[in-house]
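Following: one structure in structure tokens, then a few remarks.
All values reported here derive from a predicted model rather than from experimental measurement. In each ligand, atom 1 is the first atom listed, and ligand 1 is the first ligand listed.
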Amino acid sequence: MRLTIDDVRSRFIKHFDGTTGTIYAAPGRINLIGEHTDYNGGFVFPGAVEQGMIAEIKPNGTRNIRAYSIDLKDYYEFSIDDDKGPRATHFRYIFGVAREMMKRGVKVEGFDTAFAGDVPLGSGMSSSAALESTYAFALNDLFGGNLDKMELAKVGQATEHNYIGVNCGIMDQFASIFGKKGSLMRLDCRSGEYEYFPWNPQGYKLVLINSCVKHELVGSPYNDRRNSCENVVKAVKAFKPEVETLRDCTWDDLESVKDKVSEVDYRRAKYVLGEVDRVLAVCDALKAGDYETVGEKMYETHEGLSKDYEVSCEELDFLVEVARDCGVTGSRIMGGGFGGCTINLVRNELYTTFVEECKTQYKKKFGKACKIIEVFIGDGARKLSE
Ligand code: GLA
């Protein structure tokens, strides 16, 4: 069951003295392929999902935000002029977005808001981008901002960098803002160019298997991967100054700095170069309707993420093996890693067997349940009511 406008409106009315505001929504995302390529100037291939965040918002004529998290039953009031802002992460996202909008010249005022979401937290489907994009889109609309969609995505990304401490790329916020029902998108993170690819694979389904290992990007492991990539870029730059990101590096460049960087950094960069190539190969395969090649590339990505980039875990490796044993077309860890879901491209006739196998085998091996999430590609950030 999906979250509805009424779920949010009824709470808003209760918490804010019978008044109503305007309702906005933004989704979480999946990513078919192109993982950890965004902050390397590479390609990503995400799509928005139907699950997301819904928020009701009403300007309150003060300089304070009065926010109620419906899911956490938590209320807090904080000033948009206070540099520090709230500590609780769910309120910090809202504060960060408001501040980043102000930095870009939007005349944000205080407001009352209630919000709720149905993106499973820690699943790697980017509940945080859904929250950021909802407020970025909403505040731009309510306070007469003139920011274009890419800038709204950047507001969300800057919120992660400056208020949460995750040095993420642009993929999640891009997908959440630009999403279109029934389409995946290929974004070139170096140039900002993007293209919609209708996603209607005849005979196949996409399904996520949530390991329910809560993925957490705050802290060092994610930023640490990014540092590795930057170390390699620095080494290449020494003899090729025009290189800005790993996207600009050739395989030969990488080989020529092999002895100048650590073994770990080298392996991670090798994964990234391979992943950039794989996204392009997947685009060609999709154009030719060749889903078996798409699937092969997904397995290759998993191998790289697990062995070279080292962002997998035992549970996710296990789920990919279950997929392989069942004859599933493609399977890999999705998103930042360290937990969350695998994304699987499954032929229709295998779907039920695969899902049942995952449930039984996962339970047997880890003594806990995994969760099945069928993927439906939905729209990006939008207004749901006046
Ligand atoms: C997280 C980040 C994204 C991206 C992915 C990995 O979701 O927020 O920017 O780097 O990890 O592809």
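The shortest N/O to N/O separation between G335 and ligand 1 does not fall below 3.5 Å. Distances between N or O atoms of Y39 and those of ligand 1 include no value under 3.5 Å. At a 3.5 angstrom cut-off on N or O pairs, T37 does not count as close to ligand 1.
No donor-acceptor contact under 3.5 angstrom links the side chains of T245 and R190, judged on distance only.
Between Y196 and Y194, the angle of the ring planes goes over 60°, which puts this pair in the perpendicular group of the 30/60° scheme. Ring orientation note: the planes of Y291 and W199 are nearly perpendicular, at an angle over 60° on the 30°/60° scale.
Residue E35 has at least one heavy-atom neighbour below 4.0 Å for each of these atoms of ligand 1: 6 (C), 12 (O). Listed by atom number, the atoms of ligand 1 under 4.0 Å from D38 heavy atoms are 3 (C), 4 (C), 9 (O), 10 (O). Listed by number with element, the atoms of ligand 1 under 4.0 angstrom from any heavy atom of C168 are 2 (C), 8 (O), 9 (O). The contact set between ligand 1 and G169, taken as ligand atoms under 4.0 Å from a residue heavy atom, comprises 9 (O).
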(request) Decide yes or no on side-chain hydrogen bond (donor to acceptor under 3.5 Å, both in side chains) for Y271 and E303, but give the supporting numbers first. (result) CA-CA 9 Å; Y271 159 77; E303 191 67 14; over 6 Å; no
(request) Check the pair T4, D7 against side-chain hydrogen bond (donor to acceptor under 3.5 Å, both in side chains), reporting the backbone distance first and the verdict last. (result) CA-CA 5 Å; T4 65; D7 297 327; 3.2 Å; yes
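The heavy atom nearest to atom 5 (C) of ligand 1, out of those in Q173, M171, E160, is found in M171.
When non-hydrogen atoms are compared, ligand 1 lies under 4.0 Å from the side chain of R29 (C-beta onward) but not from its backbone.
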Name the atoms and distances for all side-chain donor-acceptor pairs under 3.5 Å in residues 41-52, with sequence neighbours left out.
none

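Residue pairs meeting the ring-ring contact (aromatic ring centres under 6.0 Å, His included) criterion with at least one partner in residues 110-130, sequence neighbours excluded, do not occur; the list is empty.
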